[in-house]
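Counting starts at 1 for both ligands and their atoms, in listed order. Counting from 1, the numbers follow the sequence of the chain as shown.
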Amino acid sequence: MDDVRSCYIDGAWREGGAADVVVTSAADGVDLARFAGAGPADADAAVAAARAAWPTWAATPVTERAAVLRTAADLLEKRADEIARTAALEIGTPIRMAAGIHAQLPAAAMRDVADQAEAFVTEEQVGNSLVLRESAGVAVAITAWNYPLYQFATKVIPAIAAGCTVVAKPSELAPLTTMMLTEALEEAGLPRGVLGLLIGTGPMAGEPLVAHPEVDVVSFTGSTSVGVRIGEVAASGVKRVALELGGKSANVLLDDVDVATALPASISSWLINNSQTCAALTRMVVPRSRLAEVEQALLKDLAARPVGHPLDEDTQVGPLISPAQRERVVSYIESGVLEGARLLAGGAERPPDLPEAGNYVSPTIFTDVTPDMTIAREEIFGPVLCVIPVDSEDEAIQVANDTSYGLSGAVWSADPERALTVARQLRTGQVTVNGGAFNLRAPFGGYKFSGIGREGGRFGLDEYYETKAVQL
Ligand code: NAD
């Protein structure tokens, strides 16, 4: 177990002033790191350093800012194996996919942000006005534990690229890889004060940042309940806010679907990162006429996805982040049984032959789920799939939209035009048609209770600029 200093402020690492934070392994509960967490005084110091560094960084040419980010992306990628191992233990991500999603994807996003920032239009003539896009000032980035570096790549990196200075607070449950990114940025030559890192709890380190009068922009990724609180605190200081929140995304199979093509991709989208994914497709809306066939295919595919230790190369589903998260997921499985859903696979029992101290849950599929059941309405954030049978395309669309969330979704049909017509009717920030590939440059964000604002490409950069009109 390493001794870690939790705060990077004004270019130096130091201990925090709040109670200890302990990072534990998802696989067996062993402590991975312990440190004095960041507290309100650390938040003050980090914001002061960011405010002092801002005028010079904002005036630094975008090409120089982008160059630092590209160098840091290369340095980060060199540590991909170490990052993968750390994320596998902290978060439970199976090692076979950990380097891709926790190191290579963030590095690719960083390079793309650098390109997009250089291409961003910061001056435009509109009639007799010169419209200027100016760096918005000091930004705060507060992130969740499920994709720590990707979330930094879509908040901290665009903010820096746009000439903002940033204080970042990762989740205290999985902060270790964000320290590696901070080191990479430092080694790449990022001037002191441009990035501060505070590892601490939400109430001790996060909320003082959101409330701080010297902060201009707050970007948050996490649960809807905390997002609402952050929105309220930020509103009292009239700060700009972006909120990336929870989801309960629907995967709509139309009645002409090719099950053999749709199912493997659908299951991968449901189980990615052990279903600890905001955009996971956790509701499968299936024509009743195809239900038996889909159920059979689900069972066959799931049998080929072993649950196991995250460092085992064969593992496809690892443990959840914490004992609390495991208990929460198990209680949702129990509620599904109680409310009358039919258990097709998995259940509340621990998967066999895995350590009791690990946060393992069997991937669980409920079928004959109705839209009013708790498991169909609330975000579970664990491997529980709800199969909801419907009798028509109109009902499928109505069921898909019958949620307070609106983050993602998918449609499958043998006829791409038909699938696109359905996609247009879904009230959600992203929709994938017939397994369309993830696109770093596409806007990502939520309708309804899934959030405010967009990340990704030029849409994400937009959050970190202010707009000024000069009449000539
Ligand atoms: P969470 O809301 O518990 O915590 C998120 C962050 O907020 C953490 O860093 C936490 O310390 C901090 N925090 C908590 N209380 C705070 C407060 N009062 N003030 C300031 N900061 C505070 O979420 P989580 O459990 O870390 O992550 C899971 C949630 O994140 C899920 O709901 C998931 O859907 C969502 N999520 C959304 C996206 C997206 O892009 N929409 C991406 C990933 C995760």
Side-chain angles (χ1 to χ4, degrees), residues 6 18 21 23 37-40 43 90-91 93 101-102 105 109 140-156 167-175 178 197-212 215 218-234 236 239 241-249 272-282 320-322 324-326 328-329 378-382 403-408 428-430 438 442-456 459-460 463:
S6 62
V21 170
V23 183
E90 266 185 329
I91 302 163
T93 311
I101 63 182
H102 295 302
L105 178 65
V140 157
I142 297 180
T143 53
W145 45 262
N146 55 344
Y147 295 95
L149 286 195
Y150 185 68
Q151 287 163 23
F152 268 47
T154 56
K155 292 185 183 318
V156 173
V167 182
K169 195 211 82 67
S171 168
E172 63 277 23
L173 297 179
T178 66
L197 182 77
L198 299 181
I199 298 174
T201 64
M204 290 308 289
E207 199 155 320
L209 288 174
V210 179
H212 202 293
V215 168
V218 176
S219 179
F220 170 78
T221 293
S223 60
T224 295
S225 56
V226 174
V228 168
R229 170 74 189 154
I230 283 177
E232 285 167 359
V233 174
S236 65
K239 300 179 202 306
V241 185
L243 302 173
E244 297 287 339
L245 310 177
K248 190 78 189 174
S249 299
I272 184 170
N273 207 19
N274 313 326
S275 293
Q276 301 174 132
T277 300
C278 53
L281 300 172
T282 54
L320 302 184
I321 181 87
S322 65
Q325 187 65 12
R326 183 184 178 280
R328 183 182 139 89
V329 172
E378 297 186 8
E379 184 186 49
I380 299 176
F381 225 57
T403 168
S404 56
Y405 293 110
L407 190 57
S408 190
T428 184
Q430 286 224 335
F438 179 72
F444 182 91
Y447 283 30
K448 302 191 271 182
F449 277 71
S450 288
I452 299 172
R454 291 294 180 270
E455 293 186 335
F459 306 94
E463 306 278 354

How does L209 reach ligand 1, by side chain, by backbone, by both or by neither, if only non-hydrogen atoms under 4.0 Å count?
-> neither

Report yes if some N/O of T201 lies less than 3.5 Å from some N/O of ligand 1; otherwise report no.
-> no

With a 4.5 Å limit on heavy-atom distance, are the side chains of F381 and T282 in contact?
-> no

Identity and distance of the protein heavy atom lying nearest atom 44 (C) of ligand 1 = N146 ND2, 3.3 Å

May I ask you to identify the nearest protein heavy atom to atom 39 (C) of ligand 1, giving residue, atom name and distance to one decimal place in Å?
-> C278 SG, 3.3 Å

Atom 17 (C) of ligand 1: the protein heavy-atom neighbour that sits closest, reported with distance to 0.1 Å = E207 OE1, 3.7 Å

among protein heavy atoms, the one nearest atom 24 (P) of ligand 1 is W145 NE1, 3.3 Å

May I ask whether Q325 has any heavy atom positioned less than 4.0 angstrom from an atom of ligand 1?
-> no

Would you check whether F444 reaches within less than 4.0 Å of ligand 1, judged by its heavy atoms?
-> yes

Looking at side-chain heavy atoms only, is the closest gap between Y147 and I272 below 4.5 Å?
-> yes

Side chains of T403 and K248, donor plus acceptor under 3.5 Å = no

Heavy-atom contacts under 4.0 Å between T221 and ligand 1: side chain, backbone, both, or neither?
-> both

Taking the side chain as every heavy atom from C-beta outward, state whether V210 and V215 have any atom pair closer than 4.5 Å.
-> no

Closest protein heavy atom (residue, atom, distance) for atom 23 (O) of ligand 1 = S223 N, 3.4 Å

Would you mind checking if E463 and K155 are paired as a salt bridge, meaning a charged N to carboxylate O distance below 4.0 Å?
-> no

OG1-CD distance between T154 and E455, expressed to the nearest 0.5 angstrom | 3.5 Å

Indicate yes or no: at least one non-hydrogen side-chain atom of V140 is less than 4.5 angstrom from one of K169.
-> no

With heavy atoms of L407 as the reference, note each atom of ligand 1 found under 4.0 Å away.
-> 41 (N)

Within reach of ligand 1, part of P170 (heavy-atom separation under 4.0 Å) | backbone

Indicate yes or no: at least one non-hydrogen side-chain atom of L197 is less than 4.5 angstrom from one of F152.
-> yes

Can you tell if the side chain of S450 reaches within under 4.5 Å of the side chain of T428, non-hydrogen atoms only?
-> no

Do any N/O atoms on K169 end up under 3.5 angstrom from N/O atoms on ligand 1?
-> yes

N273 (side chain) donor-acceptor with N146 (main chain) under 3.5 angstrom | yes

Could you state the interatomic distance from OG1 (T201) to CD (E207), rounded to the nearest 0.5 Å?
-> 10.0 Å

Where ligand 1 meets E172 - atom numbers and elements under 4.0 angstrom, heavy-atom basis | 10 (C), 11 (O)

Should the proximity of E455 to ligand 1, defined as any heavy atom under 4.0 Å, be assigned to the side chain, the backbone, both, or neither?
-> neither

L173, portion touching ligand 1 at heavy-atom distance under 4.0 Å | neither

Atom 6 (C) of ligand 1 [closest protein heavy-atom partner, distance rounded to 0.1 Å] | T143 O, 3.4 Å

Looking at CD of Q151 and OG of S171, how far apart are the two atoms once the value is rounded to the nearest 0.5 Å?
-> 9.0 Å

Under a 4.5 Å cut-off applied to non-hydrogen side-chain atoms, are F444 and E244 in contact?
-> yes

For F220, the ligand 1 atoms with a heavy-atom partner under 4.0 Å come out as 2 (O), 5 (C), 6 (C), 7 (O)

State the atoms of ligand 1, each with its element, that fall below the 4.0 Å cut-off from a heavy-atom position in Q151.
-> 42 (C), 43 (C)

Specify the protein heavy atom at minimum distance from atom 34 (O) of ligand 1: its residue, its atom name, and the distance to 0.1 Å.
-> E379 OE2, 2.5 Å

Does I142 reach the side chain of T221, with side-chain heavy atoms less than 4.5 Å apart?
-> no

Protein non-hydrogen atom below 4.0 angstrom of atom 21 (N) of ligand 1 present = yes

Which atoms of ligand 1 are found less than 4.0 Å from any heavy atom of I142?
-> 6 (C), 7 (O), 9 (O), 12 (C), 20 (C), 21 (N)

Can you tell me the protein heavy atom closest to atom 41 (N) of ligand 1 and the distance?
-> L245 O, 2.7 Å

